[in-house]
Amino acid sequence: MTALSILVASVVMIGMFWVVPTGLALLDGPRPPGLDRLRRAWPLLAVPGALSLWLPRSGLSAGLAAVYALATLALACQAPARLMLTRSLRPAEAAVLTALAAPSVAGLALVAERASYPLFGFDLDILALTVPHFHFAGFAAALVAGLVCRAAQDGPTARCAALSVPAGTLLVLIGYFVDDWAELAGAVVLTAGMAAVSVLTLRERRALAADGPTRALLAVSALVLVATMLLALNWALGEATGLPHLDLTWMAATHGLGNALGFAVCALLARRRLHADGVPTAPTAPATPAHPRTETPA
């Protein structure tokens, strides 16, 4: 294995084994019946996917990856199930639905990469990097955007964060199929959303976090996020214009590792501590009344 593949595999395992189940545990509000069972089983379901990362590309590693991909598809199915329960597409809820669907893109890319199949014509290295991207920029970033939107009571900056992160992630994905300029547009939208997340996180640090470790985790996640997204924006700009920029190996070692450890892990650890303290950290859709309310004219 190359240094890049070892780094990517290690980061992906953090996403598989810790980020996804930890993030799912922070959700409240209406929960589809299968979501809690899936969350509890997730570390076990991640084992085949993790094993596939360390095996040579082959039918065996692709088969192991397919087991994990099925788990990500089951998670994606929780998005429409939750939508049926909440009947809400408020910004915070839209971000959560995006988070539930994002790992399925990673699962599909993992199967294709392990099978040495250039899915949609993408190079195998791009497919390999798609796996961590949709665990962290897809699942973790969208989920955290929803969490900060809920904590900020749906203010303008919160709505910007909750809508721009999912929209930017989707635009980056579309950019893969279109051209580098479309991918740059996605990176701009995603960076704007992440900047809003950073601002809200620092506000949350001042307003909600009483203990030192939680405040430190929130500060690190906000500041690292700014740095890593500037790197992403620089890379997308360089790809579109030909200006000098970091190559994929350095992007994985800086942007990728920073997003995984500095942003996602620190942000979820902080929110787990806030959640344990009873501080509202998760998007909750309004309850749907059992019967439509009727007004009697005076």
Side-chain angles (χ1 to χ4, degrees), residues 8-54 64-82 85 92-93 95-111 130-148 150 165-166 169 214 217-218 221 256-257 259-277 279-284:
V8 170
S10 301
V11 169
V12 169
M13 287 178 64
I14 295 171
M16 288 177 168
F17 284 107
W18 191 83
V19 168
V20 173
T22 299
L24 294 178
L26 293 173
L27 295 180
D28 64 5
R31 301 175 73 87
L35 184 59
D36 285 327
R37 291 195 297 271
L38 189 59
R39 175 182 61 81
R40 289 191 294 267
W42 196 269
L44 181 62
L45 296 170
V47 169
L51 287 175
S52 75
L53 295 168
W54 301 97
L64 291 170
V67 176
Y68 181 69
L70 289 174
T72 65
L73 288 174
L75 181 60
C77 289
Q78 301 302 309
R82 180 178 170 101
L85 293 173
E93 190 63 24
V96 169
L97 297 178
T98 301
L100 293 175
S104 62
V105 180
L108 181 62
L110 179 62
V111 174
T130 299
V131 181
H133 181 81
F134 277 88
H135 277 89
F136 293 98
F139 176 82
L143 180 65
V144 170
L147 301 182
V148 298
R150 168 71 173 91
V165 171
T169 302
T214 303
L217 287 167
L218 289 171
S221 69
L257 198 59
N259 253 354
L261 301 182
F263 165 61
V265 170
C266 288
L268 291 177
L269 278 173
R271 278 161 179 80
R272 190 168 70 171
R273 293 174 66 89
L274 290 171
H275 191 75
D277 291 338
V279 178
T281 61
T284 306

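Any value given below was found using the heavy atoms of this structure, including those in side chains, with hydrogens, waters and symmetry copies removed. Position 1 is the first residue of the sequence, and the numbers go up from there. All values reported here derive from a predicted model rather than from experimental measurement.
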Open item on the list: Quick check: closest heavy atoms across Pro80 and Ala76, and the distance to 0.1 Å?
Closed with: CD-O, 3.2 Å

- [ ] List the atom of Phe136, the atom of Asn259, and the distance in Å for their closest heavy-atom pair.
- [x] CD2-O, 4.5 Å

Open item on the list: Just verifying a value: how many Å separate Leu35 CG and Arg82 CZ, rounded to the nearest 0.5 Å?
Closed with: 8.0 Å

Task: Ser104 side chain reached by Phe139 side chain, heavy atoms, under 4.5 Å - done: no

Open item on the list: For Leu38 and Leu24: C-alpha separation, side-chain torsions, deciding distance, then whether side chain to side chain contact (heavy atoms under 4.5 Å, CB included) applies.
Closed with: CA-CA 9 Å; Leu38 189 59; Leu24 294 178; 5.6 Å; no

- [ ] Supply the atom-to-atom distance Arg272 CZ to Thr214 OG1, rounded to the nearest 0.5 angstrom.
- [x] 11.0 Å

Open item on the list: Using side-chain heavy atoms (C-beta onward) and a distance below 4.5 Å, is Arg39 in contact with Arg31?
Closed with: yes

TODO: Of all the heavy-atom pairs spanning Ala79 and Leu97, show the shortest one and how long it is.
DONE: O-CD2, 3.4 Å

Task: Leu45 CG to Arg40 CZ distance, which is reported to the nearest 0.5 Å - done: 12.5 Å

Open item on the list: Any non-hydrogen side-chain atom of Pro32 less than 4.5 Å from a side-chain atom of Leu85?
Closed with: yes

Open item on the list: Just so I know, are the side chains of Val19 and Leu143 near enough to count as touching, which here means a heavy-atom distance under 4.5 Å?
Closed with: no

Task: Minimum-distance pair of heavy atoms, taken over all atoms of Ala95 and Ala142 - done: CB-O, 3.3 Å

Open item on the list: Do Arg271 and Thr22 have side chains that approach each other closer than 4.5 Å (heavy atoms only, starting at C-beta)?
Closed with: no

Task: Contact check, side chains of Leu269 and Arg273, non-hydrogen atoms, under 4.5 Å - done: no

Open item on the list: Below 30° counts as parallel, above 60° as perpendicular, anything between as tilted: where do the rings of Trp42 and Tyr68 land?
Closed with: perpendicular

Task: Ala46 versus Met16, closest heavy-atom pair with distance - done: CB-CB, 3.9 Å

TODO: State, with a plain yes or no, whether a side-chain heavy atom of Val165 is found less than 4.5 Å away from one of Thr98.
DONE: no

Open item on the list: A side-chain contact here means heavy atoms from C-beta on lying under 4.5 Å apart; do Thr72 and Leu110 qualify?
Closed with: no

Open item on the list: Set out, in order, the CA-CA distance, both residues' side-chain angles and the distance that settles side chain to side chain contact (heavy atoms under 4.5 Å, CB included) for Ile14 and Leu261, then state yes or no.
Closed with: CA-CA 9 Å; Ile14 295 171; Leu261 301 182; 3.5 Å; yes

Open item on the list: How close do Val144 and Ala267 get, counting heavy atoms only, and between which atoms?
Closed with: CG2-CB, 4.1 Å

